[in-house]
Structures are given as C-alpha cells and as structure tokens.
Amino acid sequence: MEICIKDVQKKVSKASNLTITCLPCNFDRDLLNRKKTDGPYANHHIRFKSSTRHHNCNVVITQNRNIEMEILSIFCHLNTFNSEKLTTFKQQEFRVVPQNVSAREGTNVTLVCEINDITGDVQWTKDGLALGYAAEIPGHPRHSMVIDAGNGVYNLLVRNVTITDDALYQCQVSPGPAAGSKPIRSSATLSVQIPPSSVEIINKSEDSKLEVQENHEVTIECIARNSKPASRIVWFRGDEEINPEERSDNINEETAGETKLKLYTVRSRIKITAKSNDNNVKYKCEAHHIALSKATPEKLEKLSPTVQIRVLYPPGAPHIDGYNEEKGTHVSLHCESKAGNPPAQLTWFKNDQMIHKVYSTTEKKSESTYSFTANVSDNNARFRCEAKNSISPLPQYADVVLSVCETGRSNPASMIKWIVNGDVEENSTFVKMNAPQSSFISKSNVSFVIPTGQRYVEATCQSIGNSISEKVISTHKINILHPPGAPIIIDQSSGNPIPSGNTHRISCVSTGGNPLGTITWFKNDKKVQPSHTTNGENSVSSELEFVVNYMDNDATYKCEVTHPALTVPLMKTQKLKHEPMHLKPGVQATLTCEATSSNPPVKMKWWHQNLQVTEDVYSFTKPGLYGGKLSTIQLTINITSEMDGRMYKCQAYNSPMSKSLNKDVTLNVYHKPTFDSYPDLITYTEGDNIFITLQAKGQPSQITYKWFKNNKQLYSIHNRRVQDSNINITGVFRDDAGNYSCEASNSEGVSKIWFIISVKHRATITNTSSGVIVSQGDDALLWCQIDGYPLGPDHISWTRPNFFFDERTSILLKNTTSYLTILNATQFDSGLFYCVVNNGIGNESSHSVMLIVEHKPEILTMENESKTASNAGMSAKLHCRAVGAPMIRFSWERDGSNITSIPDKYIVEQRQVNRLNTVFVSDQSKIKITELRNSETKLITRSVDSNH
C-alpha cells in the first residue's frame, strides 16, 4: 500500500500532525525511525510506533513550518493483499457490557466484557480494588482473565465461587495512545447465593416441645440465619402447609465478620390459638432458598426444624356418684373427673377441711373414693371433691351435703322421710337402734348433690310414728358458698402512654359468687380508696379516678377480690404508662426525686458529671408511714438541644445507717437532627472510591436521610449506593464532582449539611483558536480551551522552537481558557505555537495553534534560478518564488507586456510550496516556453501581488 502526502491531506482535516495506521504491517524501521537533517525533507520527524498488544503500528509525522513536502511518500507493506486501510482515530466502546450475575457457592462464573476499537489496556476491579492487567491475577488464584485480544474480549472468570466473591466488579479500559482517547468503564454485581447457615425454632424446650394453655395464643418463631438473598420461610402443621393470618416476617441485614458482606437473617413468627386437638401436633418451618435447589434430603431435613405442641388445659368438672351404704352407717363417696393436661389432682374436703388426698389417674380420667362411718355429727356436713392441675385458675369441684336425722326413743321405731327442696329424697339410709325401756331410736342419713348455681338448700327430716298425727318435722337451711369469678380490669388506655395531667379512670369487675366478692384496690402494694363501688345482682364493680402525674409512671394497680369460699384472694394487675411532656429546647423542666418514708429523713442531692448541683434546687419533707418522713428534692433546668442524653443522679443518704441510694435520670430532649462538622471541600482523584458517612443526632432518634447533588435527589445506581446516612461511589468520575448535601429529618424538623466534592483528572486540550490571521503591527490573540482539575497558570505553557517570548507576549488563564497575546505582530511571528498543559495527573497534552501575520509578497531571489538556458527548439523553464500572506498572485511579462498562457507556446504554472491553515505564505510560479527560438532570449520579468 502506498499513501502519498497529497492523499493524506485529502483524508485528514489537519496535516500538521498526522497518524497513519496499518493493520498489521511491517515497516522498514531503519528507514522510518529517523529525523531528516538535510535535503528537501529536512526537519521532518518520522516516528515509528508499534503496539504488540493489538498487532498494529502507527506512523506519526510531525511537520514544522516552511517545510517542502513535495515527493515524500510512506510505504506500508501488508502481510495480506486486501487489507489496505487508512484510518483516523476512533473512540473505543463496549460491544458487550458486564451483566449482573447470581451464582451458588462452588460454581464457576464468567463476567463478560467485550470492546470495539480497543486501544487502551484492560483490567477488572473488585469493589474498587484493581486486579491488574495480567491474565493470571496475583493473589487471586480463582480469578483470571480470559482474553481474546484480536476480538476485544476480556472476560473475568471466577472459579469455585465463595462468599468472598460477592462484590461489585468493573471492567476498566484505560485511554489509548491517541490524543482525545477516553477511558471507559462498566460495572456488574456478582451476587453469591448463600443458603441459610442454620434454621431453628427458638422458643421450644430441649425435648422440642412447646407448652401452651388451651385457648391461649402461642407464638412460634423460626429463624433462618445468614443467607443471601433472604430465605423464604414456609410453615407446616403436620404435613399440611399453613399460612396463618397472624404471621409476621422480618428481614435483618447483618455483616458477615471481616468480609463486611451483607447477609440476611429472616425471622418468621406465627400465632396460633391452642385447642385441645392441637395436643402433640408438630409444627414445622422450612427455609426455601434458591441455593438449596440441589441440596440433599439430609441437609434439607437439618434446615426444617419442628416443635411439638403440648396443650395444657384444666380438668373437667368432677361429679360425685352419690353414696353407697355398705354396713349400717358406713358411707362411700366416689368422685370422678375427666383428666386434664397435666392430669387432675383430686382432693376431698369436709366443711372446707381437707380429709382425703388419694386419687388415681388414667389417660382419660382421674378418680377418688372416700369411705367413712356416718354419725350425728355428720348432719349437714358438706363434702366437696376438688379437681385441679397446675394451670387451673380455680379448682373445679362438686359437693354433697350429708344429713343425719336421729329420732328420740319410741316404740315401735319411727320411720324417717327426707324432703329436699320440696322433693322426696330417696338416697338415704335408715338404721333402727335399741334403746332403754324397750324403745328404739331411728337414725337416717341422706346425701344429695347441690344443684348448680343454687344459693341455698332446705332439707326436711320427718319422723313418722304409728299414727299420722305422730309426726315430727325438722327443717335445715343450708347456705351454699359459690366463689366469684376472676376479676377483670377495664382500662381505657389499653396499655398506651397516658399524657401527664389527664384524668384517668380504671375499673375492676367481679362476677358471680355467693355472696358477692369484696373488691380492694392497691397501688404499688399500698391500699387506696376507690372513687365508688357498685353492687349488682350478680356482680360488683369498683372504680378509681385520678389525675395522672409523674408518680404514676410504671405504677402497678392491683384489684383484689376476697370471699369466704376462697382460701387465696383473686387478683388482677394493670401497669400504667405515664407519658411525660416531651422536653424541647426553650422550655423549663423540673426534675423531682422522692424517697420513701424514713426516720430520720434522708439527705438528698442532685449530681451531674460527679459534681453536686446546687443552683435551682429545692427540697422538702412531708409526713410518711410509721412516723417517718417522705423526702423530696427538685431541680429546675432550662432545656437546650445539647442537653439531650444528659444524665443527672439523685442521691438519698441516711446518716445513721450510713447507706445511700442513687437513681439516674437521663434527659430525652426532642429536637431536630444536627450534624457534626464536616469539611466544606473534599478532593478525590478520578478512579478513587468514595465512602462518606454523615450521622445526625436528634430526638426522636428515628431519622430519615436524603442525599442531593446540585439540588437533585440521589438514588442508588450501578456505581453509586445511597443508604441512610451513607453514600458510596465506586470508581469516581469527573462527572461525579459537584455540590452535595445530606438532609436529615425527624418529627421535630429538618437539617441539612452541604459540601463540595471535586475530582482531580488529567488536563486535556479540548479546543483551540484556528488560523489566527492579523496584520503587521496588530496584536495577535491565540487561545486554547482546557478540561482538567486542578488547573492553574502553573499548569499551562505556550512554546515555539526558536521563538523568544519577551515583553511583547503575555499569557492569561481565564476560567478554563488560556490566552497568548503577542503585541505588535510582525511577519516573523508567523508560525505554529504550542499550547501545553500538564497538571501532574497523567501525561501532558499539547496542541498547535497557527498564527499568520499578513505582509506584502517578497520575491525570493535564488542565484541558480535567476536565469535559464536551453537550445533552440527545446523547452525552457523559468522559476519565480515569493513569500507573503494572504494568497500570492503571480504575473509574467516580456518586454513590458503580460504573457498570456498559450498552450502551444507558454505554459504558466503556479504552486503553493507551503500552505498553513489555508493561508498561503510561500508560493512559486513557473513558466515553460516550448520550442524556444533565438529571438526569445529577451528579458522576461516577474511580478507578484497579494490581497494585502
């Protein structure tokens, strides 16, 4: 392939600096790698550049002013005949960019990166850490680049993926050797799929059982730890999948040790209301995860924990079968109760005194038999069988009343008849005993079950002699004691904090019982008087009404119900939450500390940072229990936001006992978020990784963050992650520079902090003045625009070989443009000036700027061209050379007359020897005379003119 200078000038916009690329080529380096120092090619610097990486080579020709380039040709010898190619610079670009990839541990992953027109070097980074340009990456034996340089393929292969490979990877291509070549980058995330390290049900016992009372809610919590992405938990009852309505799932992000990798722990909670048919049922949770799709059954079983529900329920109400007469007045009472879980315990009582505690249990029931010999003392005796287990709030019971009726002496023996509540009771015994004087005494026992809910029973014993008129009647009224139901507290606050100063009402209701129960109120175990008590037909209620203050914070109110049928009072408690006024800057607050009754009174002090507080302190006493004194100390302070979290200590000291008590109080001051100080300007170099944390402090501590750049909100993108108070930019670019701000807000307001991020990058020339033309004596202004940071006057220079920069020249940097001013320009100032910039980052950048100073043409007298000779009939050539600007026009005269170009006689040619930026500064003209005759040896004169 032969490329002539003329051809090059047609294809390239500027011929002052020319690059010709051959793909591939073999140059005669001895011929090209030289600088011409003589002849018509003097001052041409031909430089051979080869690139073994891309198998191409470039020829760079630097042309200086006043150079004659008439016959210079460049030869590129190709290995193939059809590969001729003349190219100008083309920007490299991605053909295939890396894509986000998810992979299981232990697999191999390839991140693809393919580049068109590549001229730079390629490397990969991992979370901003450069892995290097070599195919085999030092220190990373499982990472390597799979390279096909001819096709621009630079894929990253990761073998046997582990948790440490989870990262943001970036394919980076550096700038090529040509001016204006830019770096390119593209990122992708390798997400390593990590199965949960463990799955467990956390609130079960060692035997994998969970105890819960019947009709009570139980929460079963399953935790799947350390997976990525988060696991999905599935619940089973037995072998059936369930999804209860009362289910909550929380995903927590945790850091995996030194790797700082974010793993996820999933907590799933389900609530079930236990029924008796749930007893011994197994509940199971399974962690479903993409990384477990090929797991073995053994591993899946380990990640599927179970818990067996043991439902606890009270025993059924017992019943007494009645009594059986064995011998005479011998009585046998049999009690039976359906077994609870745990099994019921049966106990016998006579007139509320325990008399028998022997029982037996089976899977379905508990039973007990009590046998005794009845006598008169057993008349109206109440026999009770109680059934209870560990979860019975109150014992279940059944009772019978034994009536013993004994007549006086009679003959014959009297008959005895029993009437209970108006009905004849057949369940009785009759015994006739001998008495003195040939008389008899009749004796009868009766037992009966007391009807449910009945408050009393009337039992009548009738003694009937031989005659109907001989009837004796005795009636007994038996009052039945029924215990009341458990008390219920009605609190309208529903456990929520109660604002200070509000009037609050709390009620206690006890239902049932014979007689009704008696309600007593206690506050922190101290008896308090109710506001009023109301007795209804079947219930009693008692209400407290009070104004809430700081002393009610966490106070426990107890409702206690006493009754003759109860050996232990029934009780219910309620804890109040007092919501104090929020402390805010600008308000005055009083801290009150009160000590319980003591004798003598304690001495009280306030402390802060180990120093006693004495200003704005007020203390006093008032009568307390047992003749003692209640001591109180108060501290008044003016609240500021800086007081948030400040701790004060209240100290009470009892001198006789040499004992002190201390109570710490921490101020919780509501205020909008505030930031710590932060630099106004932060400077990075292009390619650096940025991680900025701006933590704000405020109350409430639930703070929301927003990030902005140049007043536009920022979100996470491929190389930028924005999360809460953090912003992370991987491989910062110059476009990332700007005005940044972070906004923090809570319920009290919004705060903002501003700062500037500047990015240092290589200075390059982006534009220059073109073909500056001035007249002699005028001032010339040349300029070049520069992109780079930092950029100052010290980074920029203007140069030109053999040019003296004196007081006529001055250099000024304004914004990003450098100006070279030349005062009173002369024709000798014409030529190429070079704007050179180097800010210490990367290589320097330079660009030429042509200055043309207009001046009238001057004919160059050359001794060997002042005359010419030729034989008659032959052709002759005359040369005329001139220098001037702008374009020069030539004219030829003979004997004072212009010569017209006649094809068969005179041929006039005009050629530009040196053209710079379309302005002709050195021209020549030739006239060719064909078939010269002797008469034509007269003088031919030349003249030049220009548009000057």
Side-chain angles (χ1 to χ4, degrees), residues 127-128 168 170 183 185 187 253 260 262 582-586 639-646 668-764 766 785-795 813-817 839-841:
D127 280 340
L168 177 69
Q170 190 176 76
R185 301 176 183 181
S187 302
E253 188 179 84
K260 295 184 179 180
K262 300 298 183 183
H582 294 316
L583 296 179
K584 294 186 178 182
I639 300 299
T640 65
S641 59
E642 291 76 14
M643 290 182 175
D644 181 42
R646 178 178 293 185
N668 186 13
V669 181
Y670 273 41
H671 62 93
K672 70 178 184 179
T674 57
F675 289 97
D676 294 333
S677 60
Y678 199 75
D680 295 332
L681 175 64
I682 316 171
T683 302
Y684 299 91
T685 301
E686 200 166 48
D688 288 350
N689 296 327
I690 297 177
F691 187 83
I692 297 174
T693 299
L694 292 176
Q695 192 73 38
K697 297 178 182 178
Q699 285 292 348
S701 58
Q702 292 76 26
I703 299 176
T704 302
Y705 294 88
K706 292 181 181 179
W707 287 86
F708 299 86
K709 177 190 173 187
N710 299 332
N711 295 323
K712 292 185 178 179
Q713 188 169 351
L714 294 178
Y715 302 95
S716 294
I717 57 175
H718 65 281
N719 74 320
R720 181 179 67 219
R721 294 183 180 179
V722 177
Q723 184 177 16
D724 296 332
S725 61
N726 304 316
I727 184 170
N728 183 14
I729 303 177
T730 303
V732 64
F733 285 96
R734 63 192 68 180
D735 294 339
D736 292 317
N739 295 316
Y740 285 75
S741 62
C742 180
E743 179 185 282
S745 61
N746 64 5
S747 60
E748 298 301 304
V750 179
S751 293
K752 212 167 189 179
I753 188 171
W754 290 265
F755 59 95
I756 297 174
I757 290 181
S758 62
V759 180
K760 296 193 293 186
H761 55 277
R762 175 177 174 254
T764 58
T766 59
Q785 289 182 345
I786 304 162
D787 176 30
Y789 182 80
L791 186 63
D794 295 340
H795 301 138
L813 176 63
K814 188 175 182 181
N815 295 329
T816 59
T817 302
N839 63 353
I841 302 174

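Worth knowing before you read on, the calculation uses all heavy atoms, side chains too, and leaves out hydrogens, waters and symmetry mates.
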Locate the shortest heavy-atom distance separating [X] from [Y]; write the atom from each residue and the value.
X	Y	result
Tyr740	Lys709	OH-CD, 3.6 Å
Pro793	Leu813	N-CD2, 3.7 Å
His671	Gly698	CE1-CA, 3.5 Å
Pro790	His795	O-ND1, 3.6 Å
Val669	Met643	CG2-C, 4.0 Å
Ala696	Phe675	CB-CE2, 3.8 Å

With Arg720, the side-chain contact (heavy atoms from CB on, under 4.5 Å) member among Asn728, Val732, Leu714: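 Result for side-chain contact (heavy atoms from CB on, under 4.5 Å) with Arg720: Leu714.
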With heavy-atom distances below 4.5 Å as the criterion, would you say the side chains of [X] and [Y] are in contact?
X	Y	value
Lys697	Asp644	no
Tyr789	Arg734	no
Val759	Glu686	yes
Glu748	Lys584	yes
Asn746	Lys672	yes
Arg721	Phe691	no

Within this structure, what is the [atom1]-[atom2] distance for the pair [X] and [Y], rounded to the nearest 0.5 Å?
X	Y	atom1	atom2	result
Ser741	Lys712	OG	NZ	13.5 Å
Tyr670	Ile639	OH	CD1	14.0 Å
Thr730	Leu168	OG1	CG	5.0 Å
Gln723	Thr693	CD	OG1	10.5 Å
Ser725	Lys706	OG	NZ	16.0 Å

Return the set of residues passing side-chain contact (heavy atoms from CB on, under 4.5 Å) with Ala763 (not counting sequence neighbours), or none when no residue passes.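 With sequence neighbours excluded, Ala763 shows a side-chain contact (heavy atoms from CB on, under 4.5 Å) to Ile786, Val837, Asn839, given in chain and number order.
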Please identify each residue that fulfils side-chain contact (heavy atoms from CB on, under 4.5 Å) with Ile692, with sequence neighbours left out.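 Ile692 satisfies side-chain contact (heavy atoms from CB on, under 4.5 Å) with Tyr678, Ile682, Tyr684, Ile690, Leu694, Trp707, Ile727, Phe755, Ile757 once adjacent residues are dropped.
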Flag, side chain of [X] to backbone of [Y], donor-acceptor distance under 3.5 Å:
X	Y	value
Asn689	Gly731	yes
Ser716	Val722	yes
Asp736	Phe733	yes
Ser751	Pro673	yes

Worked check of side-chain contact (heavy atoms from CB on, under 4.5 Å) between Arg185 and Asn719: CA-CA 10 Å; Arg185 301 176 183 181; Asn719 74 320; over 6 Å; no
Check whether more than 12 heavy atoms from other residues, nucleotides or ligands sit under 6.0 Å from atom CG of Asn710, and answer yes or no.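 More than 12 within 6.0 Å, yes.
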With no hydrogens and no angle check, do the side chains of Thr683 and Ser758 hold a donor and an acceptor under 3.5 Å apart?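 Present: a donor and an acceptor within the cut-off.
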Examine the side chains of Asp787 and Thr764 and answer whether a donor and an acceptor come within less than 3.5 Å of each other.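 The answer is no; no qualifying pair exists.
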